[in-house]
Enquirer: 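Dumping the structure here so I can ask a few things about it.
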Amino acid sequence: MREVIIIGSGPAGFTAAIYAARAELTPLLFASQVSMGGELMNTTDVENFPGFPEGIQGPDLMQKMQEQAERFGTEVVYDDISEVDFTGEIKRLTDTNGTVHEARSVIFATGSAYRKLGVEGEERLSGHGVSWCATCDGFFFRDKTIAVVGGGDSAMEEATFLTRFAKKVYVIHRRDSLKASKIMQQRAFDNEKIEFIWNSEVAEIHGESSADRLTLRNTVDGTESELPIEGLFVAVGNDPRTHLVHGKLDLTDEGTIAVEGRSSQTSASGVFAAGDVIDPSYRQAVTAAASGTVAALDAERYLAALDGAAQPEAAAVAG
Ligand code: NAP
């Protein structure tokens, strides 16, 4: 039986692992088969993670976090958890092979998943001109005309990145002002390959074998128009990945896992949550990492209390 099992391999999961491992809890971390490293694996330059004044590539940052976690004894497994049982004092997690893993505490750091538009043609043409990841698929759109949907940092980042390959990039946004940070907005405004289509949403994606045309609906007057494209990137945000814990942990109205105050304590004793899965507001790599720290310290204190040991002093576990 493990002292702590961590589910998730983004900044929250690996930071929790670094702290838990340094506290000699020898964590087992489930890193997923397909989405190892979380959202930063699909990011190019990360310019706002402290300590990297020149910026760092998202995958390189995740690799460093993993190395740091493993250096102190974290065991990383490239598999997913498919079922959880939090009812008893001993938590039971079933992986995709059906193996049951037991732990005295669990840190849930499953992050968030790309949001879909929910329009006709999206599912059918997914992987055929419709994508959620510019860094994964941008290369296939050399000299093409493509569109990006969204007005946040992700949409600006994707659009700017895609101009490396594409002939032209439309950004389709449902309002007339952007949600993205000023620096990301300006970068997109300054890029002559990018053209903004304001107050518009995608009503339908057309194409036989590949996306070739959009029906756009004006959000002000409801009029519809057609836009020929050769690819579409959807960057309209993410939803917390909570499907494993529906009916098992309390959720907030926003769909994130509910935690007590500033702690990581969920509605189940011994189960802690961290990162995007509890955060409807900030959702930065650095806030997720900090949240992972909180979860590891909470798990450590919980285990110490179970053992009847004195609570560790904050100073003893810090730094
Ligand atoms: P976001 O900030 O939630 O923005 C989502 C955008 O998509 C908003 O502009 C929203 O419109 C629009 N949208 C949502 N649902 C839509 C729909 N159904 N149809 C059309 N448009 C829709 O999401 P995000 O851009 O993915 O960013 C998530 C977090 O990651 C943010 O905290 C962001 O700062 C961070 N991030 C940071 C960086 C960076 O610093 N390098 C890069 C990427 C992401 P409204 O504006 O009308 O709401």
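Keep in mind the model is a prediction, meaning the values are calculated, not measured. Remember, it's 1-based here, ligands and their atoms both numbered in the order they're listed.
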Enquirer: Closest non-hydrogen protein atom to atom 48 (O) of ligand 1, residue and atom name please, with distance?
Expert: R174 NH2, 3.2 Å
Enquirer: Starting from atom 26 (O) of ligand 1, find the nearest protein heavy-atom neighbour and note its residue, name and distance.
Expert: S154 OG, 2.6 Å
Enquirer: How far is atom 21 (N) of ligand 1 from its nearest protein heavy atom, and which residue and atom name does that atom have?
Expert: V236 CG1, 3.5 Å
Enquirer: Under a 4.0 Å threshold between the charged nitrogen and the carboxylate oxygen, would R283 count as salt-bridged to D276?
Expert: yes
Enquirer: Tell me which protein heavy atom sits closest to atom 36 (N) of ligand 1, plus the residue, atom name and distance to 0.1 Å.
Expert: D153 CB, 3.7 Å
Enquirer: So which protein heavy atom does atom 9 (O) of ligand 1 come closest to, and at what separation?
Expert: G151 N, 3.1 Å
Enquirer: Taking only heavy atoms of G152, which atoms of ligand 1 are found under 4.0 Å from at least one of them?
Expert: 4 (O), 6 (C), 9 (O), 25 (O)
Enquirer: What about K116: any of its N or O atoms under 3.5 Å from an N or O on ligand 1?
Expert: no
Enquirer: Any idea which part of N238 is under 4.0 Å from ligand 1, heavy-atom wise: side chain, backbone, both or neither?
Expert: side chain
Enquirer: Just go through E47, R283, K179 and tell me whose heavy atom is the nearest to atom 3 (O) of ligand 1.
Expert: K179
Enquirer: Could you tell me if T99 and N97 have a donor-acceptor pair between their side chains, going purely by distance under 3.5 Å?
Expert: no
Enquirer: I'd like a table of donor-acceptor pairs (distance under 3.5 Å, sequence neighbours excluded) in which one partner is a side-chain atom from residues 80-88, with atom names and distances.
Expert:
unit_1: D80; atom_1: OD1; unit_2: S32; atom_2: OG; d: 2.9
unit_1: D80; atom_1: OD2; unit_2: Q33; atom_2: N; d: 3.0
unit_1: S82; atom_1: OG; unit_2: T94; atom_2: O; d: 3.3
unit_1: S82; atom_1: OG; unit_2: D95; atom_2: O; d: 3.4
unit_1: D85; atom_1: OD1; unit_2: T87; atom_2: N; d: 3.0
unit_1: D85; atom_1: OD1; unit_2: T87; atom_2: OG1; d: 2.5

Enquirer: May I ask you to establish whether K116 and Y114 are in a cation-pi arrangement, using a distance under 6.0 Å from NZ or CZ to the six-membered ring centre and at most 45° from the ring axis?
Expert: no
Enquirer: For atom 41 (N) of ligand 1, what's the nearest protein heavy-atom neighbour? Residue, atom name and distance, please.
Expert: M184 CE, 3.7 Å
Enquirer: Quick check against the 3.5 Å criterion: does T266 have a side-chain atom that pairs as donor or acceptor with the backbone of V271?
Expert: yes
Enquirer: Give the residue and atom name of whichever protein heavy atom lies nearest to atom 19 (N) of ligand 1, and the separation in Å to one decimal.
Expert: L117 CD2, 3.8 Å
Enquirer: Would S281 count as being in polar contact with ligand 1, using the rule that some N or O on each side must be under 3.5 angstrom apart?
Expert: no
Enquirer: For atom 47 (O) of ligand 1, what is the nearest protein heavy atom, given as residue, atom name and distance?
Expert: R175 NE, 2.7 Å
Enquirer: Find all atoms of ligand 1 within a distance of less than 4.0 Å from any non-hydrogen atom belonging to Y282, and give their numbers and elements.
Expert: 32 (O)
Enquirer: Cut-off 3.5 Å, side chains only: do N218 and T223 have a donor facing an acceptor?
Expert: no
Enquirer: What do we get for L178 next to ligand 1 when only non-hydrogen atoms under 4.0 Å count, side chain, backbone, both or neither?
Expert: neither
Enquirer: Decide if the gap between the ring center of F140 and the ring center of F165 is smaller than 6.0 angstrom.
Expert: no
Enquirer: Start with the C-alpha gap between R104 and E89, add the side-chain angles, then the distance that decides, and say whether salt bridge (charged side-chain N to carboxylate O under 4.0 Å, His left out) holds.
Expert: CA-CA 7 Å; R104 296 172 76 208; E89 195 165 287; over 6 Å; no
Enquirer: For ligand 1, which part of E201 has a heavy atom less than 4.0 Å away: the side chain, the backbone, both, or neither?
Expert: neither
Enquirer: Check whether any side-chain N or O of E224 sits under 3.5 Å from a backbone N or O of R217 as a donor-acceptor pair, and report yes or no.
Expert: no
Enquirer: Say whether H173 and ligand 1 are in contact under the criterion: heavy-atom distance to a ligand atom below 4.0 Å.
Expert: yes
Enquirer: Looking at the rings of F189 and F196, which for Trp means the six-membered one, are their centres under 6.0 Å apart?
Expert: yes
Enquirer: Can you give me every donor-acceptor pair (side chain of residues 249-258, partner residue at least two apart or in another chain, under 3.5 Å) with its distance?
Expert:
unit_1: T252; atom_1: OG1; unit_2: E254; atom_2: N; d: 3.2
unit_1: T252; atom_1: OG1; unit_2: G255; atom_2: N; d: 3.4
unit_1: T252; atom_1: OG1; unit_2: T256; atom_2: N; d: 3.2
unit_1: T252; atom_1: OG1; unit_2: T256; atom_2: O; d: 3.4
unit_1: T252; atom_1: OG1; unit_2: T256; atom_2: OG1; d: 2.7

